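Encoded as structure tokens, the structure appears first; notes follow it.
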Amino acid sequence: MDPIKNQISAIDPLTVDPIAEPNGEEALHRILSGSTVFSDSHPVAAVASLDQRRRRKAQIAGGLLLAAAAVTAGVLVAANLGSVNTAPAPAVTVTSTEATPTPSVSVTPTPSATPSATPSATPTATATAAAPTSPPAPTVPVVAPTPVSTTTLPHASLSRTFTFPDGHLSFTLPVGWSAYTEQGPYLSEETKAASQGATILDSAGTKVAMVGSGFYGDGTAGEVTRTVYDRAAVPGLRDISGNPVEFGFAANQARYVPYGAPEGSAKVLGDMYYFMDVRLASELQSGETDSGTNLIRMPNGFMNGYVLFDFDKQPTFATPEAAKAWMGTTQYAQLKSLLLSLSYK
């Protein structure tokens, strides 16, 4: 073989035959001692041909390509399939916590544990529904309601007694009601301090009644026809002369001769005027009588107590039947209870 080709093949990195390291002294000796004879007697097996080297390169590249493809396929399969678990998932049991449940079935797909002769990549799901169970309904004892009077309310523990600053007149407020005092009318500085007016508000904050203590007395009266719907004695009150005081719910109709009517004309009746207050028992007579007054003389001056009706709405009730119907309400019972609780010491 040509020495130049030998040198080229010697530097080929794909050559697997080891080449001995040349001996410089021996080579120099050969050059100096004789002529060199070139020959093609070098064994052919020691040098790989160009075609063999090309085939080997192709085989190496193909092997690397197949290995990379196998790794990529393994990564993709692992990412898509996830972990394989051959154990079947437990069935779900639905338990209702309501006292009276409405059954509803929740279906959970569970992989079948039955082996199959033919493998399949698609799992077979078996629907398993657990029957709902409900605890027994608790037994609640039924308590009979306690009857409450609609005519007078008991002075419950949550009620409170309101007393005027001078300590003489007091009354009991229904539960949730309140009251405050203001300066009342007076004639002199000596009577100013004793004259106080209490405004009473219900649980909604609406002004519903007034009670006065230490007032001075005045007023006018006239002929009326009176209808008394309800009356009752107030045990804690008597006037300065010892006369009894009563609670009353009534209506007055003024009897008068129209203005400009000829002399001797008959009297006519005006509109119904409803009132609810405390007054002397003699002031609560039915029929044709004097309108009277609700001022009661006490040792510290005059007192009164009355319900606040809407004066812009007269009559307060459209008909006597409507007034009687109101007497059956809780509001009527509360107002009556308050006025009956008035007491002077």
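On a predicted model such as this, the values are computed, not experimentally measured, just so you know.
Nearest heavy atom pair, residue G184 against residue F215, reads CA-CE1, 3.9 Å. Here the closest non-hydrogen pair linking L173 and A179 is CD1-N, 4.1 Å. The two residues A266 and P258 make their nearest non-hydrogen contact at O-CD, 4.3 Å. Of all the heavy atoms in S203 and W177, the pair that sits closest is N-CD1, 3.4 Å. Minimum heavy-atom separation, G292 to A221: N-CB, 4.0 Å. Looking at every heavy atom in both residues, L339 comes nearest to Y306 through CD2-N, 4.3 Å.
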Determine, step by step, whether M327 and Y229 satisfy the side-chain contact (heavy atoms from CB on, under 4.5 Å) criterion, reporting the C-alpha distance in whole Å, the side-chain angles of both residues, the deciding distance to 0.1 Å, and the verdict. CA-CA 9 Å; M327 293 171 60; Y229 297 101; 3.9 Å; yes
Yes or no on side-chain contact (heavy atoms from CB on, under 4.5 Å) for W326 and M276, after CA distance, side-chain angles and deciding distance? CA-CA 12 Å; W326 181 63; M276 184 176 183; 3.7 Å; yes
Dump the intermediate steps for side-chain contact (heavy atoms from CB on, under 4.5 Å) on V208 and L308, then the final yes or no. CA-CA 5 Å; V208 293; L308 293 172; 5.9 Å; no
Take T289 and V224 through the test side-chain contact (heavy atoms from CB on, under 4.5 Å) and record every step on the way to the result. CA-CA 6 Å; T289 182; V224 297; 4.1 Å; yes
Derivation of the ring pair (Phe, Tyr, Trp, His ring centres under 6.0 Å) call for F317 and Y274: CA-CA 8 Å; F317 304 98; Y274 291 88; 5.2 Å; yes
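Remark: the backbone N or O of G270 is paired with a side-chain donor or acceptor of Q253 at under 3.5 angstrom. Between the side chain of D239 and the backbone N or O of I296, no donor-acceptor pair lies under 3.5 Å. Using a distance-only test at 3.5 Å, with no hydrogens or angles considered, no donor-acceptor pair links the side chain of T227 to the main chain of A251. In this structure, the side chain of S213 does not engage the main chain of Q196 through any donor-acceptor pair within 3.5 Å. With hydrogens and angles disregarded, no donor-acceptor distance shorter than 3.5 Å links the side chain of E223 to the backbone of Y256.
Residues V307 and F249 form no side-chain contact, since every pair of their non-hydrogen atoms from C-beta on lies 4.5 Å or further apart. In this structure, the side chains of S195 and Y216 stay at 4.5 Å or more apart for every pair of heavy atoms. Side-chain contact between T199 and M210: present, with at least one pair of heavy atoms (C-beta onward) separated by less than 4.5 Å. Contact annotation: the side chain of F275 never approaches that of N294 to less than 4.5 Å [non-hydrogen atoms, C-beta and beyond]. Looking at heavy atoms from C-beta onward, V211 lies out of side-chain contact with N304 at the 4.5 angstrom threshold. Using a 4.5 Å cut-off on side-chain heavy atoms (C-beta onward), P244 and R238 make contact. Contact annotation: the side chain of I200 never approaches that of F162 to less than 4.5 Å [non-hydrogen atoms, C-beta and beyond]. Residues L169 and L237 have side chains in contact (heavy-atom distance under 4.5 Å, counting atoms from C-beta outward).
Partners of V228 under the side-chain contact (heavy atoms from CB on, under 4.5 Å) rule, at least two apart in sequence or in another chain, are R226, R231, A250, S286. Remark: E189 pairs with Y186, K192 by the side-chain contact (heavy atoms from CB on, under 4.5 Å) rule, at least two apart or across chains.
Here the CZ-OG distance, from F247 to S341, works out to 11.5 Å after rounding to the nearest 0.5 Å. Of the inter-residue distances, the one linking L338 atom CG with L342 atom CG reads 6.5 Å to the nearest 0.5 angstrom. Here the OG-CZ distance, from S170 to R160, works out to 12.5 Å after rounding to the nearest 0.5 Å. If you take CZ on R279 and CG on N243, they are separated by 14.5 Å, rounding to the nearest 0.5 Å. To the nearest 0.5 Å, the span separating OG1 on T163 from NZ on K345 amounts to 7.5 Å. Put simply, NZ on K207 and CG on L201 are 7.0 Å apart, with the number rounded to the nearest 0.5 Å.
Cluster annotation: L340 is connected to M298 through the hydrophobic network of ILVMFWY side chains, with a link wherever side-chain heavy atoms come within less than 4.5 Å.
Within a 6.0 Å radius of CG in D271, no more than 12 heavy atoms belonging to other residues, nucleotides or ligands are found. Within 6.0 Å of atom CZ in R255, more than 12 heavy atoms from other residues, nucleotides or ligands are found, so the atom counts as buried in its surroundings.
Between the side chains of Q331 and T329, no donor-acceptor pair of N or O atoms lies under 3.5 Å.
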